[in-house]
Amino acid sequence: MSEDQSIERALWESEARLRAIVTTAVDGILTIDEQGTIEWANPAAESLFGYGLEEMVGENVKILMPEPYRSEHDRYLEHYLETGERRIIGIGREVSGMRKDGSVFPMDLAVSEVVLGDRRLFTGIVRDVTARVEAAESIRRMAEELEDRVRERTEELLAKNDQLQRFCHTLAHDLRQHIRGIGVNAQIVLRDHAQSVDEEGVQHLESLAHSARKLAKLTDDILEHAKLGQARPRLVPVDLSELAQDAAIQVRERFPSAEIRIEPGMRADADPALLRVVFVSLLDNACKFSQPGKPPRVEVGRSDDAYFVRDHGVGFDMRYYDKLFTPFERLHSGRSNGSGIGLANVLQVVDKHKGKVWAESEPGHGATFFFTLD
């Protein structure tokens, strides 16, 4: 076999292998010339578009396109040949194809270009992505339905929560009136009829009056907690240092010996009325659990993006941290006259500002409460 024959055979074998590949490919493959005329298509393209090979060859490729691609195709091809500016060539994209029966479907299209002598040919590889698009649309619809359901459920829960808070507010308000009535009557008996009551009876009446005062304080705290739950923050520029100073004045009424140092110049966008609750609760808590026999020492400041209230008191065991911000939970029940709602209020207010609150402590070495404001 001569060298020319060997080369010719090698070319024939290469062409045969290439034709076998493109003929059996699952993706549609078409070749067009510079005028957009279809020169060849593989069986997958025939099946995809519903045309036979003899029906496509010699036709402009835009017969496979719906509007507006059909009208734009000639102009795009002319623009590319004149300027070399590519929009599809070498870049895969999702477009729409049109079958012989007029039905339109989504397809991925990748176009390559080859120059053979003085001829320029374009090869397009197309893949029907109807299943992928339908799956994506189904997921989108399900996501929308889920969002609608979540929105409806959230609205229902908010309405029920609002009803529950109003019920608790009404209940606490009514209870407070009766409890105070019990306390007042116990005090009247102690004041006006103490001589007719023996010593044990006086002790019982004093205990009754004391319990009534604690219950009245508890109902006040519950009302405050419910009120905070319904509050909607009104964010304005706030001087937090000044707000903390006002809170310190109130706390010193209960703890006149307290030493409270406040860092100046702390500012944030917040609801001043709600933030005042935070500072009063944290400062009161810090003073309440000071070291026995020593005046309370408290610092208020800022560290990075967080604000803090630090005391030098008895601290607490971090093993019980999970109870810290839970209503009615007390880590130092023997030393506290409170209701256990103060820190729950702090958490509630910080949550409304889309912030976080946490604490660090060690028994005997004080505690530091941190909070952020979004």
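The first residue in the sequence is number 1, and the count goes up from there.
Checking side-chain atoms of Asp304 against main-chain N and O of Ala306 turns up no donor-acceptor pair under 3.5 Å. Counting only distance, with no hydrogens or angles, the side chain of Asn60 and the backbone of Gln35 share a donor-acceptor pair below 3.5 Å. Gln177 places no side-chain N or O within donor-acceptor distance of the main-chain N or O of Gly181, the cut-off being under 3.5 Å. For Asp271 (side chain) and Arg234 (main-chain N/O), a donor-acceptor pair under 3.5 Å exists by modelled atom type.
Between Glu263 and Arg302 there is no salt bridge, since no side-chain nitrogen of the basic residue lies less than 4.0 Å from a carboxylate oxygen of the acidic one. Residues Arg141 and Glu137 are paired through a salt bridge, judged by an N-O separation under 4.0 Å between the basic side chain and the carboxylate. Between Lys100 and Glu55 there is a salt bridge, since at least one side-chain N of the basic residue sits less than 4.0 Å from a carboxylate O of the acidic one. Using a 4.0 Å cut-off between charged nitrogen and carboxylate oxygen, Glu242 and Arg267 do not count as a salt-bridge pair. A salt bridge links Arg127 with Asp27: the closest approach of a Lys/Arg side-chain nitrogen to an acidic carboxylate oxygen falls below 4.0 angstrom. Salt bridge status for Asp351 with Lys356: absent, with no side-chain N to carboxylate O gap under 4.0 Å. Under a 4.0 Å N-O distance rule, the pair Arg261/Glu299 qualifies as a salt bridge.
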**Q.** Candidate pair Arg120 and Asp33, rule salt bridge (charged side-chain N to carboxylate O under 4.0 Å, His left out), full reasoning
**A.** CA-CA 6 Å; Arg120 185 181 296 182; Asp33 62 15; over 6 Å; no
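Arg119 CZ: 12 or fewer foreign heavy atoms inside a 6.0 Å radius. Applying the 6.0 Å contact sphere to CG of Asp305 captures no more than 12 heavy atoms from other residues, nucleotides or ligands. Taking a 6.0 Å sphere around CD of Glu200, one finds it holds 12 or fewer heavy atoms contributed by other residues, nucleotides or ligands. Atom CZ of Arg70 has more than 12 heavy atoms from other residues, nucleotides or ligands within 6.0 Å. More than 12 non-hydrogen atoms from other residues, nucleotides or ligands lie less than 6.0 angstrom from CD of Glu156.
Within the 4.5 Å cutoff, side-chain heavy atoms of Phe371 are placed close to those of Leu275. Looking at Val57 and Glu39, their side chains never come closer than 4.5 Å, going by heavy atoms from C-beta outward. Using a 4.5 Å cut-off on side-chain heavy atoms (C-beta onward), Leu282 and Val346 make contact.
Scanning for side-chain contact (heavy atoms from CB on, under 4.5 Å) contacts around Glu253 gives an empty result, with sequence neighbours left out. Checked against side-chain contact (heavy atoms from CB on, under 4.5 Å), Val104 has the following partners two or more places apart in sequence or in another chain: Pro66, Ser96, Met98.
At a cut-off of 3.5 Å, with distance as the only test, no side-chain donor of Ser138 or Glu134 sits close to an acceptor on the other residue. Remark: the Gln250 side chain and the Arg276 side chain contain an N/O donor-acceptor pair separated by less than 3.5 Å.
Between Trp358 and Phe370, the ring-plane angle classifies as parallel under the 30° and 60° cut-offs.
Heavy atoms only, all atoms of each residue included: Ile262 and Ser241 are closest at CG2-O, 3.9 Å. When all heavy atoms are compared, the tightest approach of Ala359 to Leu324 is CB-CD2, 3.7 Å.
In this structure, Arg99 is positioned above the aromatic face of Phe105, its NZ or CZ under 6.0 Å from the six-membered ring centre and within 45° of the axis.
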